2 protein chains.
Amino acid sequence: MYERKTPDHLECGIKVTAKVIGSKWKPCIIDAITRGVHRPGALQREVGLTSRRVIQLQLKELEMHGIVEKQVFPVLPQKVEYHLTPLGQSILDVLNAMNTWGEANRERYSGELEPAS
Amino acid sequence: MYERKTPDHLECGIKVTAKVIGSKWKPCIIDAITRGVHRPGALQREVGLTSRRVIQLQLKELEMHGIVEKQVFPVLPQKVEYHLTPLGQSILDVLNAMNTWGEANRERYSGELEPAS
DNA sequence: TCGTGTAGGGAAGATTTATTCCCTATTGAA
DNA sequence: TTCAATAGGGAATAAATCTTCCCTACACGA
């Protein structure tokens, strides 16, 4: 586990939220779970472009942050499912706002960046 | 200027938005500008905790991304102001959503992290 | 027995991002 | 003349994040 060398700055709400969903794959994972993909292996195949390990690490953090809940079925072969907690459900509002803005402005950022406005 | 070695993944709106506001200080800077702090030096003092250089770099990126507009006054000593563009105004919805969620759940993430829910 | 699937993790390295240090240039005030 | 303020940037380094490689363990089927 990596140990931060600088303290977290959580003085404003934005940074709290960023701490929870601000990483390369977490939004994708949360999105996939809401679409009904619950098992780690399936999530990895769904998200693609990244490895099993990466998904595992992100799921673990999401679980620590109370966004997802891990459910272990006592069967073999192993079966595990991750579901959104109520807290996880509540953060969908934020993801939706981000998605809406991004979709509305995608073309501006897709090609090379022009100087702006 | 740093040149990325891996391509941007902008296939979903969330990542587009994250590219634009997803950095350590950009949300703070945008927030300060909306509160009426427009000059680089003042922004640096307002945000605190970071250096002049950092603010400069972030402002430059925000300008390239069309979020803020730079206004140079032809006077001496130099005077420069940054203001939000209409596009910048529109992204406030996202920042507000993030802030609301974060404020509502701050206590959960302020101390040490408990295993969750 | 060997290869497949499941889920999980340690350790090292690559990549990206943030920060620091030290420069430029200008004007006015001490 | 020297120091403060203004705004800006190059280069190097520190820190954080992401990724890859190689392990564990279990059960089933060929």
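Keep in mind that what you see is a predicted model, and the values were worked out from it rather than measured. Per chain, numbering begins at 1; letters A, B, ... match sequence-line order.
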Query raised in the report: Which residues pass the side chain to side chain contact (heavy atoms under 4.5 Å, CB included) test with B:His9, sequence neighbours left out?
Result: A:Lys24, A:Trp25, A:Leu49, B:Glu11, B:Lys15
Report task. With sequence neighbours excluded, tell me which residues meet side chain to side chain contact (heavy atoms under 4.5 Å, CB included) with A:Val16. Result -> A:Leu10, B:Arg106, B:Tyr109
Nearest whole Å is fine: how far is [N] [atom2] from [X] [atom1]?
X: B:Lys24; N: D:dA16; atom1: NZ; atom2: P; result: 7 Å
X: B:Leu57; N: D:dA7; atom1: CG; atom2: C1'; result: 13 Å
X: B:Phe73; N: D:dG8; atom1: CZ; atom2: C1'; result: 18 Å

Report task. Sequence neighbours left out, what pairs pass side-chain hydrogen bond (donor to acceptor under 3.5 Å, both in side chains) with at least one residue falling in residues 70-79 of chain A? Result -> none
Report summary line: Contacts satisfying salt bridge (Lys or Arg N to Asp or Glu O under 4.0 Å) that involve residues 53-62 of chain B (not counting sequence neighbours) are B:Lys26-B:Glu61
Query raised in the report: salt bridge (Lys or Arg N to Asp or Glu O under 4.0 Å): which pairs involve residues 86-96 of chain A, sequence neighbours left out?
Result: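 Checked against salt bridge (Lys or Arg N to Asp or Glu O under 4.0 Å) - neighbours excluded - no pair reaches residues 86-96 of chain A.
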Report summary line: When the rotation axes relating C1' atoms of four end pairs to the next four are compared across the helix from C:dT1-D:dA30 to C:dA30-D:dT1, five pairs an end, they differ to 10° by 30°
Query - Stretch residues 40-50 of chain A: residues that reach within less than 4.0 Å of DNA chain D through a heavy atom - result: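 Here the set is A:Thr50.
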**Report entry** Any residue meeting side-chain hydrogen bond (donor to acceptor under 3.5 Å, both in side chains) with B:Asp8, in chain and number order, not counting sequence neighbours
**Finding:**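 Applying side-chain hydrogen bond (donor to acceptor under 3.5 Å, both in side chains) to B:Asp8 gives B:Arg4, B:Lys19.
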Query - side-chain hydrogen bond (donor to acceptor under 3.5 Å, both in side chains) partners of A:Ser90, counting only residues at least two apart - result: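 With sequence neighbours excluded, A:Ser90 shows a side-chain hydrogen bond (donor to acceptor under 3.5 Å, both in side chains) to B:Trp101, given in chain and number order.
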Report summary line: Reading nucleotides 22-30 of chain C from 5' to 3' and marking B where a protein heavy atom lies under 4.0 Å of the base, S where only the sugar-phosphate is that close, and - otherwise, the string is B---SS---
Report task. Report the residue (A:Ser51 or A:Thr6) whose heavy-atom-nearest nucleotide on DNA chain D is the more 5′ of the two. Result -> A:Thr6
Report task. With sequence neighbours excluded, tell me which residues meet salt bridge (Lys or Arg N to Asp or Glu O under 4.0 Å) with B:Arg35. Result ->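 B:Arg35 satisfies salt bridge (Lys or Arg N to Asp or Glu O under 4.0 Å) with B:Asp31, B:Glu46 only.
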Query raised in the report: Using a side-chain heavy atom cutoff under 4.5 Å and only I, L, V, M, F, W and Y, what cluster partners does A:Val75 have?
Result: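 Once heavy-atom contacts under 4.5 Å are chained together, A:Val75 belongs with A:Phe73.
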Query raised in the report: Counting N and O atoms only, with roles assigned by atom type, does the side chain of A:Asn99 sit under 3.5 Å from a partner on the main chain of A:Leu95, one being a donor and the other an acceptor?
Result: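 No; zero donor-acceptor contacts below 3.5 Å.
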